[in-house]
Student: 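Submitted below is the structure of interest, expressed as structure tokens.
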Amino acid sequence: MSGALLEVRDLYMAFGGVCAVDGITFDLHPGELLALIGPNGAGKSTTFNMVNGQLRASGGSVRLAEQELVGMKPRAIWRLGVGRTFQIAATFASFTVVENVQMAVMSHQQQIFSLWRPAANRYRDEALMLLKQVGMDAQADRACSELAYGDIKRVELAMALANNPRLLLMDEPTAGMAPRERNELMALTKRLVVERGMAVLFTEHSMDVVFAHADRIIVLARGKLIAEGEADEIRSHPKVKEVYFGNGLTFEHPPEPAVAARIPA
Amino acid sequence: MTASVNPILLDVSGLNAWYGAAHILFDVALNVRRGEVISLMGRNGAGKSTTLKAIMGLLSRSEGQINFLGQDIAGKAPFQVARMGLGFVPEDRRIFPDLTVTENLETGRQAPRQWADGSAALNWTPDALYELFPNLGRMQDRRGGQMSGGEQQMLTVARTLMGNPLLVLLDEPSEGVAPVIVEQMAHMILALKARGASILLSEQNFHFARLVSDRAYVLEKGQIMYEGSMQDLTHNSEIQRAYLSV
Amino acid sequence: MDLSALLAQLLNGLAGASSLFLVATGLSLIFGVTRIVNFAHGSFFMLGMYVSYSLIERIGVGPWRAVGFWGALVLAALAVGLLGALVEILLLRRIYKAPELFQLLATFALVLVFNDAALWIWGPEDLLGRRAPGLEGAIQLFGRAYPSYNLFLIVIGPAIFGLLWMLLTKTRWGVMVRAATHDREMLGALGVNQAWLFTGVFALGCMLAGLGGAVQLPRQPASLTVDISTIGDAFVVVVVGGMGSIPGAFLASLLIAEVKAICIGIGTVHLAGIEISFSKLTLVVEFLIMAVVLVIRPWGLLGRLQATSRNSAPVEAPLKPGSNWFRMTVIGVFLLMAMLPMLDQSLPYAAVLGQDILVAALFAVSLHFMMGPGGMHSFGHSAYYGLGSYGAAILVKLAFMPMPLAMLVAPLVAGLGALLFGWFCVRLSGVYLAMLTLAFSQIVWSVVFQWDAVTGGSNGMVGIWPEDWLSGTRYYYLTLVLVGLSVYALRRFVFAPFGYAMRAGRDSSLRAEAIGIDVKLVQWLAFTIAGVFGGLAGTLYIFSKGSVSPDVISVSKSVDGLVMVLLGGIQSLTGPVIGAAVFGVLQDWVMRATDYWRALFGGIILFLVLAFPEGLAGISRQIETLWQLYRPAVGVVRREKLT
Amino acid sequence: MTKQVSFRHVLLSGLATIAIGASVPARAEDTIKIGEINSYKSQPVFTDGYKKGMMLAIDQINAKGGVAGRKLELITRDDNANPGEAIRQAEDLVTREKVDILAGAFYAHIGTALTDYAKQKKRFMLITEALSDNIVWAVGNKYTFRLDSSTYMLVSSLVDEAVKLKKKRWALIYPNYEFGTSAASAFKRLMKEKQPDVEFVAEQAPPFNKIDAGSVIQALSDAKPEATFNALFGSDLAQFIREGNTRGYLGDQMPVFSIITGQPEYLEPLRDEIPKNWMVTGYPWYSIKTPAHQEFLTEYQKKYGKENLRFGSIIGYSTIKAIEAGVAASGGKTDSDSLVAAFEGLNFDTPDGKTSFRKIDHQATWGLYVGKLAVEDGKGVMVDYHYTPGEKLLPSDDEVRKLRPAD
């Protein structure tokens, strides 16, 4: 027994002959923030979709605390304590902010098929607490359709926390946010991980965020796992530099000194 | 830098805009000269994309003066604005997923243009664009929907260039793509600038903006809070902290 | 049927497929690009017949009659295309931003207007066109006479198919059209005047429908009923083929025409002593095909999962519980309705009309329950209305159940039907789901229509009156109370967690599944609930009329419900009630006002469509927007500028 | 508050509309009001002539001073081809217009619904056109009478001629609804009775108004029948004939027995394509020489111009004549029981001669013209026809008693 919460073994996915994820293997431990990085189209979202059951893996296994997840439906996996946010944030557009979170709590409390008593006052306080954690409590009664993109991401996070997940999957959680907001959100995530003993798997394109917050990093390229390790190892990994970082000119803390003059005119 | 003596291409003043009932932009004023790359910076939700969309005529409700090449374009339909030589690259990679790369480019095609002084503007052909974006050249018959995010981002830009725009509005080009692609974007913008293109881009990535632009405007809650050269902004840590959350 | 007979029947089917393809492909094209469910497409087909008739009678005679005839076909198609362009410019262009399916309401109104216009111009009689010059006779094929005109039909379908395919894939215009299907706003930002693109597509689609009608004229007289019968066929073809897919439309029209021809060819057979009439099966065979295809392939034969179009409607506002004013209004209306029978001296008819409006309101509210919060559009809600009414009739007449018990059980019969059909339907989405509901309703209709022994066939069943102690005014009050309770209950459901789960599944099923909501199960239950209350409406209806006929399951009954919901406003919970009331009163009034009441009715709906594109219940929001739009800018609170 | 304000507006305007729509019109006490419900919008070909016929009779009667000292007044309502709507219109006519007599119905299912309504509400009802046998038999009741001849009568008027042909192999074609199916089963039963060796080799029942004529013709001709029975009409019939002519199914070799084809409504659109060898029922208004019909024709064309008559014209006219006779017989009383009593066995004049409502089943003895089709001056006409009075076309009283529930 490895003590891992999530064990991914030889995970494999093919779409009509094209191999999107090609036999990847990794572990994730409670209390750990694991970043999954790689170029667009490397298979990150596909991996996420297989872990939360939205796609059924063509091969390999995904185990959460010894339990096999492959073949289970997303909602069943969710009930086992796997929360998720999406790359393109999707809230329920005709709901208010707090209703979105209430919906998640009501689902967690198995009240979906409750037909009579109004939903508006159910678990409102719990939902407001969750919103407070992500700094959205002040906008609780706004319509979600009016929110800025970054705020929607925060609402999503609050929803994902509604069922006290053991494992949180976050697909580009800070996309569309300013640098400080990114750091704030990830710091919050890290705090939750520690407080709740959760594990988080997240994808991210902002290397500043990744290097600052991830405990460990795994790198995907063309469906294959090409590197795994802590920030320093990955930062100087030649293959990762080649396929993903480039010269790091747009990082706050570039792997090598950025020189604007190196850009050809 | 070089362009401050060049004529003004786009001159916006008193721009207000609304989403439904929400008032988003308040008296925004900015200008772009020929040959300049301008960054519109600010936090998420500050109104950067809204400004670009308002200039393009994509909002159902906006007020103010938008002068492009000496003509008032406020209130014109997006297609009219585009036909006058204003190119728009949206933030969310709105390629046409069922169309091939070549067909996507075709949707953006417009006739070659001339500047008011009679000189020819940049004239793009698919081949020229394939040279600028070698990746696209290798997948001319692939459907847009089957491309990776980075490739789609390239295609969106290339498609807009097919309209031979005199000024390109580029909405968050570095968003949601791998660092290596962001870098390519920076190369691309500088390459375009070298050929004399004018670009107004909205951007949150300060490092990216610093690399490519001459001047910057900083937006906060729908108002312009700062304008100045990129160099000045780089050294103004107060503004950076206050409005860019750096 | 021997082999030569089979081959000959297949050839017959081939000819039939062509005309079907022409009309269906235009519909598919229009839907693909504009997302408009063009209910008036059959009307354009009908006008194609009438216009070509008139033209042929003028220029298709005399020595140049051959030139005149073929020229008339082309001219008729062009004329109908031009009319389509006018419709797009004057009407549809103004309502593209309205909520989903709203354009269906506008095109429904056009059907009424065009039909009366045709009646006014061409008169009520069927007009049998001339035969095509040079193709009057028959050739010998498989030892049988085969009309030479059919050969022309067999050629024209594939020819148009080829031309369209070239147009869409090989021309710049075609590329633009395909791009507009996905994202017309982006296309506009690239410098394409999408308004004219849409006009062009709509005109082309209508022109194809007109051509389909024109080429059919030598085989079928122009008549005022072809609009409705054609639109049904065309929809089926489009859906079976896959919406927006032109090769799909071609394949589907072939499939349906051939299956029909073979059914007719088989005729009546005796199997194990049972007589089976395949000929009678043609009443419903296309809907059977559609149901089977959709169950196996949820997006039609060659269709693909529709990428979410960006060309979509505004987002619905969050639900708000009714204010005190609203509650008082509701109570007021309820009391007013309760007073109607007391007016039997001054307004004796008020209660009669009130009764029908109450039933219609329940029907509309139950439909809205699944369409609005549930996000499942239904073109076949009449199935449950019909099951409720026939359920009651059969329980009373054949099972000798007491009337009150039957009233209780019959809605459950409808619920059972919904449970069964819903299981298949919720696996689909969008227009496909809607069309599968239509298929099921047509299947129920055809069973009821032909099962003489139990349902009384096309004549229906009679003598289903309330028991004496519940008749007359008492029955009105019973209806009022039951409808009131039902509407209240459905409203409660929407405000309860279940209603939230319905809307969550509608807004984003991906996200809903990711927070543990079994979206399909929620939809299935919602579908069934809608079926039960739709059934109750049918039950209430039948005891007020005393008789029932298959009309209660007809497509037009479903369409009436749709019109009420859309007229009232699909994004509002009060919408269907207002829609039903306005629809009922309006129709009752116009039917008496003029002989051309259809045109008047259609005209009024068109006016309402243009004036209130969010439905009648959306008036308030429009007033709000107007108010803000013209409010002087100085009133806006400005934020402090940081310096 | 905008939401509620506008909601209130909608509501009030809705109620106001109900109120205006439902208000009682002024009543003229001295008229006998006839409330007539029909499918005006759905069946304009028939109802146009029908309404004209009714108006002609009313004008004539009122010009003579009315019936029993009261003038006649006609109020028509469209039923939108829907039985539920028809019932509501009946209620409207009764409650708001306070009509004395209800009449109407074109479609069988609407006629059936109104028949049952009459029974439930104990209202006198004259079904004018709907042909279903049920109306006088299976669901027949004390309060309902029917003017036009029934499906059974149409079929039975042709059977005697059909038997004379001594053809063994028959094909049947009819629209797939009650009119067609009951006509076909009546034809088969009557033929079997009179010619036991008859065989029905092909049977096609296309959906009404949606025939696929080419396939149908081929399927019929593949069965090699010697004669055909047809109950198609309207657009289906036109397609059947054109395709049948082209494919050589119809013609000299193929005798066809066809109900209602000779009615001008269905004959005129066929123009000169009338096939040979058809025996039909219909209404040859252009060549009926009886003085009564001549007078009707003259008056009709005087009032409406030289236009062609329809079968609807004579039905509409005779409807009013029957009501006139009924009211006269009841001595001007228009309560339902008096009218029922007056109508049972009532004799009345029509342009086709004396007709009566049978006491046993309330069916009028409306007669039928049976003859051949021919083309004259490029138009289809009936020739060599004879008139068969209705009483000869109905089954025996014993059989009727079995078919009709006791009142």
Side-chain angles (χ1 to χ4, degrees), chain C residues 5 8-9 12 15-16 119 124-126 128 138 144-145 147 219-221 223 225 229 260-261 264-265 267-268 277 279-280 282-283 323 325-326 329 333 347-350 352-353 356 457-460 462-463 465 545-547 549 551 574 578 581-582 585 588-589 591 598 616 619-620 623-624, chain D residues 2-4 6-8 10-11 14-15 17-18 21-23 41 44-45 48 78 80 82-84 87-88 91-92 95-96 108-109 112-113 116-117 120 132 134 139 176-178 202-207 209-210 212 214-216 218-219 222 234-235 238-239 242 246-248 268-271:
Chain C
Q9 284 296 14
N12 288 331
L119 172 65
E125 266 172 30
D126 292 356
L128 187 56
R144 292 169 174 80
R219 302 194 337 145
Q220 180 185 351
S223 84
T225 58
S229 61
K260 268 192 181 177
I264 294 167
T268 310
S277 171
S279 158
K280 285 186 179 170
T282 53
L283 188 65
S323 61
W325 215 102
F326 174 78
T329 312
V333 171
L347 293 172
Y349 179 59
V352 176
L353 186 58
D356 281 8
S458 62
N459 273 1
V462 295
W465 296 95
K545 301 293 178 191
S547 57
S549 76
D551 295 69
T574 45
I578 297 173
V582 171
V585 173
D588 186 67
W589 172 69
M591 276 173 69
R598 271 190 199 155
L616 295 174
I619 295 173
S620 61
I623 294 172
E624 209 172 306
Chain D
T2 35
K3 180 155 202 151
Q4 278 70 37
S6 60
F7 177 75
R8 179 178 54 184
V10 174
L11 204 93
L15 284 172
T17 321
I18 296 185
S23 57
K41 205 74 220 178
V45 191
D48 178 54
D78 192 347
N80 199 14
N82 179 316
I87 300 288
R88 186 165 94 222
E91 301 243 3
D92 176 31
T95 56
R96 181 161 37 166
H109 59 306
T112 312
D116 190 59
Y117 172 83
Q120 176 72 11
S132 175
N134 291 345
V139 301
N176 185 6
Y177 73 99
E178 196 258 1
E203 208 172 319
Q204 288 284 333
N209 260 342
K210 285 185 77 176
D212 199 341
S215 303
V216 165
Q218 194 207 308
D222 282 352
S235 165
Q239 294 176 62
R242 179 160 279 190
T246 315
R247 292 181 186 243
E268 281 179 19
L270 300 175
R271 301 207 276 203

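In what follows, every chain begins at residue 1, and chains take the letters A, B, ... in the order their sequences are listed. Note that this is a predicted model, so its numbers are computed, not measured. What you see below is based on every heavy atom in this structure, not just the backbone, and it leaves out hydrogens, waters and symmetry mates.
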Student: Any side-chain heavy-atom pair from C/L119 and D/K41 closer than 4.5 angstrom?
Tutor: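 In contact.
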
Student: Using 0.5 Å steps for rounding, measure from the OG atom of C/S279 to the CD atom of D/E203.
Tutor: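 So the gap between those two atoms works out to 8.0 Å.
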
Student: Answer with side chain, backbone, both or neither: which region of C/S229 has an atom nearer than 4.5 Å to a non-hydrogen atom of chain D?
Tutor: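 Contact with chain D is through both the backbone and side chain of C/S229.
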
Student: Given that the side chain runs from C-beta out, which part of D/A202 has a heavy atom under 4.5 Å from chain C: side chain, backbone, both or neither?
Tutor: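 Neither; nothing under 4.5 Å.
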
Student: Suppose we screen for salt bridge (charged side-chain N to carboxylate O under 4.0 Å, His left out). Which residues come up paired with D/D48, at least two apart in sequence or across chains?
Tutor: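 With neighbours one apart ignored, the set is D/K52.
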
Student: Hey, what do you get for OG (C/S277) to CG (D/N176), rounding to the nearest 0.5 Å?
Tutor: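 The OG atom of C/S277 sits 7.5 Å away from the CG atom of D/N176.
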
Student: Do you know the tightest heavy-atom contact between D/S132 and C/N459?
Tutor: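 It is OG-ND2, 3.0 Å.
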
Student: Could you report the tightest heavy-atom contact between C/D126 and D/G234, atom names first, then the distance?
Tutor: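 Reported closest heavy-atom pair: OD2-C, 3.7 Å.
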
Student: C/A5 versus chain D, heavy atoms under 4.5 Å apart: side chain, backbone, both or neither?
Tutor: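 Looking at C/A5, backbone and side chain both touch chain D.
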
Student: D/V216 versus chain C, heavy atoms under 4.5 Å apart: side chain, backbone, both or neither?
Tutor: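 Its backbone and side chain both get close to chain C.
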
Student: Locate the shortest heavy-atom distance separating D/P207 from C/T282; write the atom from each residue and the value.
Tutor: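 In terms of heavy atoms, the two residues are closest at CD-OG1, 3.3 Å.
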
Student: Is there a side chain to side chain contact (heavy atoms under 4.5 Å, CB included) between C/I264 and D/Q218 once you walk through the steps?
Tutor: CA-CA 9 Å; C/I264 294 167; D/Q218 194 207 308; over 6 Å; no

Student: Flag the pair D/S235 / C/P221 as yes when at least one side-chain heavy-atom distance between them is below 4.5 Å, and no otherwise.
Tutor: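 Counting from C-beta outward, D/S235 and C/P221 do come under 4.5 Å.
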
Student: Residues in side-chain hydrogen bond (donor to acceptor under 3.5 Å, both in side chains) with C/D551, at least two apart?
Tutor: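 For C/D551 the side-chain hydrogen bond (donor to acceptor under 3.5 Å, both in side chains) partners, ignoring immediate neighbours, are C/S549, D/H109.
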
Student: For D/S215 and C/Q9, work out which heavy atoms get closest and say how close.
Tutor: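 Nearest pair, atom of D/S215 first, then C/Q9: O-NE2, 3.1 Å.
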
Student: In Å, rounded to the nearest 0.5 Å, how long is the span from CD of C/Q220 to CG of D/N209?
Tutor: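 If I round to the nearest 0.5 Å, the distance is 9.0 Å.
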
Student: Search all heavy atoms of C/W465 against all heavy atoms of D/D116 and return the closest pair with its distance.
Tutor: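 Of all heavy-atom pairs spanning C/W465 and D/D116, the closest is NE1-OD2, 2.9 Å.
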
Student: Can you check whether D/P83 reaches C/K545 side chain to side chain, under 4.5 Å on heavy atoms?
Tutor: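 No, too far: nothing below the 4.5 Å cut-off.
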
Student: Measuring from atom CG of D/D92 to atom CG of C/L353, what distance do you get when rounded to the nearest 0.5 angstrom?
Tutor: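 Spacing of CG (D/D92) from CG (C/L353) equals 8.5 Å.
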
Student: So which of C/A581, C/G463, C/G16, C/A15 has the largest heavy-atom pair count under 4.5 angstrom toward chain D?
Tutor: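 Winner by heavy-atom pair count: C/G463.
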
Student: Show the nearest heavy-atom pair for residues C/A138 and D/T246, with the distance to one decimal.
Tutor: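 Nearest pair, atom of C/A138 first, then D/T246: CB-O, 3.5 Å.
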
Student: For C/K280 and D/A205, indicate whether the former's side chain and the latter's backbone hold a donor-acceptor pair under 3.5 Å.
Tutor: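 No.
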
Student: Between C/D356 and D/R88, is there a salt bridge with N-O shorter than 4.0 Å?
Tutor: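 Salt bridge flag = yes for C/D356 with D/R88.
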
Student: Please round to the nearest 0.5 Å and tell me the distance separating atom CZ of C/R219 and atom CD of D/Q239.
Tutor: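 Output value for this atom pair is 8.0 Å.
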
Student: With a 4.5 Å limit on heavy-atom distance, are the side chains of C/S547 and D/T112 in contact?
Tutor: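 When only atoms from C-beta onward are counted, D/T112 and C/S547 do not touch, as no gap falls below 4.5 Å.
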
Student: Under 4.5 Å heavy-atom distance to chain C, tell me which part of D/R271 shows up: side chain, backbone, both or neither.
Tutor: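 Answer is side chain: those atoms of D/R271 sit under 4.5 Å from chain C.
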
Student: Pick whichever of D/Q120, D/R242, D/K210, D/Q204 has the most heavy-atom pairs under 4.5 Å with chain C.
Tutor: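 Most pairs with chain C among the choices: D/R242.
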
